[in-house]
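For reference, the structure is listed below as structure tokens.
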2 protein chains.
Amino acid sequence: MISSLAAGNLTFNPLYKEVKIRITRGLAAGAWKPGAAIPSESRLAQQFNVSIGTIRKAIDELVGEKILLRQQGRGTFVATHTEDRTLFFFFHIVGKDGGKELPVTEMLSFRRSKAEGEDAARLKIPHGSRTLRIHNILKLGGKPVIFDEIVVPTALFPDLDEDTFVKREGTIYGLYQARYGINVIRISERLSAANPPQQITALLGSRQRTPALVIKRVAYTYNDTPVEYRVSWVNTEAHEYLSDLWKNEAR
Amino acid sequence: MISSLAAGNLTFNPLYKEVKIRITRGLAAGAWKPGAAIPSESRLAQQFNVSIGTIRKAIDELVGEKILLRQQGRGTFVATHTEDRTLFFFFHIVGKDGGKELPVTEMLSFRRSKAEGEDAARLKIPHGSRTLRIHNILKLGGKPVIFDEIVVPTALFPDLDEDTFVKREGTIYGLYQARYGINVIRISERLSAANPPQQITALLGSRQRTPALVIKRVAYTYNDTPVEYRVSWVNTEAHEYLSDLWKNEAR
DNA sequence: TTCGATTTGTTCGTATGTATT
DNA sequence: TAATACATACGAACAAATCGA
């Protein structure tokens, strides 16, 4: 249960920061599931024993970080990976002609493995610990454009098997969220150019000696906990990576 | 002079949006120069004839977009391109070892030219209109890492010549800002992988057949007006492009 | 060094508007 | 229609940082 705040705030944080931390903690603990509404602002104000303006300021920041989503007249909801808006927050490959489109994923392989050099470091797990290693082809407009290797700690997804993965509805992050309560809220990507290995060139259907874009992504959930490490090889003959800084429409 | 607002708001915008628009207009018109303070919140509240809370909400958004910068006890300032914080907002190449460093720019050529295909489209200027075309090498740790071609409309920088460009202090965007009052506030980048032409490979000191990261950037000032089109070739043997979405520290 | 004026930061409270159910 | 929830706007009080007298 959430206790009053205004009374004994032992940290030196402003009240609204404290409220934000407590709400985030509730999210991390799964108190409110993705897609569900959190308590109304007035109710939170009561529970925390602070003014409604303070609650609004805390929620404002979480909305800015796309962790929560407000809807006037309805409530405030935990962001999900099923809304187009948030989907393109995590997927940045677009057609060179400007077309935005979501990819269709086809799994190539699914196996148990151990964390090697980069995996372990990026996922902040011990070297050699158990992981799942999944290979996918992502198609855009029916054509293969991206080859993915996904590495996740088995500990986070205990009973995830090939069947569950393939038969999921929606995106991979949607699966993490709906089935395991793990909500990816931030990613960090590092891009470089490289000549892909033979097999990948073949899979992407690109010409020999066509360089590819390599994206090394770490996905994080609350409190900067790494969830997934993913290496993508992108055929950039007809597509490119879009980084728009900072088209912040509304806010 | 800024007139009262609360009275005759003919648009259907909320007041604070209207305030934001007017402040942005003032910035675009050069009413307050980069680095200078805008009027205090209480003074703005008087001028616009709205409450201080409404002013704060308008400024909040501009601060979120890194257009303004608040400092408790001092005032609110127009963001400049001389602060480390904003510099890395526009420069994304980091060492693979994780080292962040700002590049040293060396000009290779500076000439007058005309807008060709992509230039014209991206800069939203007529095909064939006059431009400046500048080539640079950017060094990190003393070694060449990036080759740049910069295209800007001559109309925006009427008297910009080679000497002014080379002898500037600080960054290129700092020059646009300090000398021409043009404040780059947003960039959009499209990345792909490609084999660079011979000369660029040589300039970057990379091995034959080493692919490079190609970054096509459009820089915008207020009201989404394009200012500069820049194509960069990056040697990603020891460096990579960092896209962190979204490490929003404080907010 | 101290003090006071100025400016932003935080918190509270209230009233009213608008969207949803 | 009524109740609920978020959105906008106002105002007040005090805290904290800055700066110059």
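Being a predicted model, the structure only gives us computed values, none of them experimental. Lettering of chains follows the sequences in order, A, B, ..., and the numbering in each one begins at 1. Only heavy atoms go into these numbers, but all of them, side chains included; no hydrogens, no water, no symmetry mates.
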Can you measure [X] atom [atom1] to [N] atom [atom2] for me and round it to whole angstrom units?
| X | N | atom1 | atom2 | result |
| --- | --- | --- | --- | --- |
| B:F48 | D:dT8 | CZ | C1' | 17 Å |
| B:N49 | D:dA9 | CG | P | 13 Å |
| B:L69 | D:dA17 | CG | P | 17 Å |
| B:D60 | D:dA9 | CG | P | 13 Å |
| B:I55 | D:dG11 | CD1 | C1' | 14 Å |
| B:K20 | D:dA9 | NZ | P | 14 Å |
| B:N13 | C:dG17 | CG | P | 19 Å |
| B:Y16 | D:dC6 | OH | C1' | 12 Å |

Of B:K57 and B:I52, whose nearest nucleotide on DNA chain D comes first from the 5' end? B:K57

If a protein heavy atom is under 4.0 Å from the base, mark B; if only from the sugar-phosphate, S; if neither, -; do that for nucleotides 1-7 of chain C going 5' to 3'. ------B

OP1 or OP2 of D:dT8 under 4.0 Å from side-chain N/O of B:T54: no

Phosphate contact (C:dT8 OP1 or OP2) by B:R56 side-chain N/O below 4.0 Å: no

Counting only side-chain heavy atoms from C-beta out, which of C:dC12, D:dC10, C:dT10 sits nearest to B:S51? D:dC10

Are any of the side-chain nitrogens in A:E61 or A:K17 under 4.0 Å away from the carboxylate oxygens of its partner? yes

So that I can tick it off, tell me whether A:R70 and A:E41 are bridged by a salt bridge, with the cut-off set at under 4.0 angstrom between side-chain N and carboxylate O. yes

Sorted by chain and number, sequence neighbours left out, salt bridge (Lys or Arg N to Asp or Glu O under 4.0 Å) with B:R190 holds for A:E240

Taking salt bridge (Lys or Arg N to Asp or Glu O under 4.0 Å) as the test, write out the residues that go with B:E106, two or more places apart. B:K139

Excluding sequence neighbours, so at least two apart, what forms side chain to side chain donor-acceptor pair (under 3.5 Å) with A:Y222? A:N183

For C:dT1, which nucleotide in any strand shown is its Watson-Crick or wobble partner with both distances under 3.5 Å? none

Not counting sequence neighbours, which residues clear ring pair (Phe, Tyr, Trp, His ring centres under 6.0 Å) with A:Y180? List them please. A:F157

What pairs of residues pass the ring pair (Phe, Tyr, Trp, His ring centres under 6.0 Å) test when at least one of them lies in residues 57-81 of chain B, not counting sequence neighbours? B:H81-B:F90, B:H81-B:Y173

